Each structure stands twice: as C-alpha cells, then as structure tokens.
Amino acid sequence: MAGIKALISLSFGGAVGLMFLMLGCALPVYDEYWPLFVLFFYVLSPIPYCVSRRVTDDTDATSNACKELAVFLTTGIVVSAFGLPIIFARVHVIAWGACALVLTGNIVIFATILGFFLVFGSNDDFSWQQW
Amino acid sequence: MSGFLDSIRCGECDCSVDWAEKRNTVASIAAGILFFTGWWIIIDAAVMYPSNTLFNHTYHVCGVIATVAFLMINAVSNGQVRGDSYSEGCMGQTGARIWLFIGFMLAFGSLIASMWILFGVFVVHRKCDTVYPGIAIFFQNAFIFFG
C-alpha cells in the first residue's frame, strides 16, 4: 500500500535528522553532549496536537479553539528546540559548528514529524482506532 | 489501488479547507513564534549576563506579567464579551468585559514598563546594550495578543 513507501522515507528522514544531532554532539572536535536536550523537545512536539485530536471529537467552533491552542503550543516547542542550541552556542557551551549541525538535524526531524502527521494523521481511521 | 486513490482524496480535502480555518491556524502559528521567540531572547539575555549589575534580573517580572496578560486575554472568547455564547460562565458578560479590561491593562502596563526600562537603563548607564534587544522583545510579548 502507499503507506509503506511513505513510512520508509519518513523513517529515513528521522534517521538522518538524528544522525545530524549525534554528529553535533559526538564529533571529537566538539565532544559536548548538551545538545541532546533537544530530544526532549522532539518528543514533546506531537503531544499537543495528539491531545487535541483525542479530546475534541466534534466539528463545531469550540473544537477549533482546542486545535489552535495545540498549534500554538507545538509552534512554541519547535521554536524552543531551535532556540536552545543557539543559546548554548552564544554562551560558548558548544561550538557554533555543532550548533549548525544540531539546527540542521532539527529541521529534518521536524519535517519528518510534520510529514508523519500529514500522511498518516489526516484520515478517519486514526480516530476510529481510539475506540 | 483503491487505497492509493483514498490517500489522494485526503490530500485534496486538505486543500479545500475553508479560508477562515486556515487564517486561524496561521495566526496561531505566528503568535506562537512571536511569543516563544520573545521568551527565548530574554532567556538569552539572562544567560549572557548572569550577574545582577549589568542586567537586573527583577526585570523578568515585566515578561511574566505580559505572559499572564496574554493568557487572560486569550482565555475570553469574543462571543462571551458580546453576550451571545451558550454558557454564561461564572461571571457573565460584564465579568468577561472586566476580565478583558484587566488583561489589556496588564499587557499595556508591561509594554510601557519595558519601554521605561529600556530608556531608563540604556540611556542612563550605556554599558549593557543587550538590555535593548531583551526588553524590546517584550514588545512582541504584547503584540502577540493581536494574533
């Protein structure tokens, strides 16, 4: 089915993004493991949207408010995942090269998560599985 | 093959979402970006100047009050203020108006306080020029409620 190709390409994207993150930490030139804190933001980022999908199961105006709050929080988490490496680099905890690698990994990972929700999250089977 | 067609149909469904919903989503995204960028800039200023001499950390109160005002303003929907919503809430329409009034007052107050700090510190002392972007971003803390 068409889902398998998408799943494979999304998992490849996730692996590439994590590879950039690990390169930013583990290269002997850098050797600082502080950027691994962005993993926390990666894990948090789908949660507001998933919670809003589960909680609101009707289509009137009130459900839009919950979805907008979820979008707002998700955007905040994404911005935080970009801001944290920049602050680390400004205080010289990590090098700017490591920061650039982590930001590249950020972009790839968030594109992967977004792709996951676009491809797999928008059909009705998703909500039926909750019951 | 029918599964393949189903996924194409779902893609078209996303494009035909009406413009009002998309505008709300775009506004939420813009508001989120501005709000969290504001907070990260003040976190950056706090990290760069950990001592209290160059950047007095009590100035964080400004941003906290702006955040509280932002949450207060966004908690009240337009329908409750106009009086045409289903449930009255615990205070009714007048209560909603008072809540919104206090929220806007706090927001404008923190905006004015941030401008005061900016000019009072930057103009008088002139040694810590990171206060300028740090405090200027509180402008954005206040502007996001327009989103």
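Per chain, numbering begins at 1; letters A, B, ... match sequence-line order. Just so we're clear, the structure is a prediction, and the values are computed from it rather than from any experiment.
The interface of residues 75-89 of chain A with chain B, defined by heavy-atom distances below 4.5 Å, comprises T75(A), G76(A), V79(A), S80(A), G83(A), L84(A), I87(A).
Side-chain contact between F116(A) and T112(A): absent, with no pair of heavy atoms (C-beta onward) separated by less than 4.5 Å. Side-chain contact check for W40(B) versus T37(B): every heavy-atom pair is 4.5 Å or farther apart. Considering only heavy atoms from C-beta on, C25(A) comes within 4.5 Å of L36(A) through its side chain. The closest side-chain heavy-atom distance from R54(A) to Y49(A) is not below 4.5 Å.
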Under 3.5 Å, side-chain donor or acceptor atoms of residues 16-23 of chain A against the rest of the protein: list the pairs with distances, not counting sequence neighbours.
none

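Pairing each heavy atom of P48(A) with each of L44(A), the nearest pair is CD-O, 3.4 Å.
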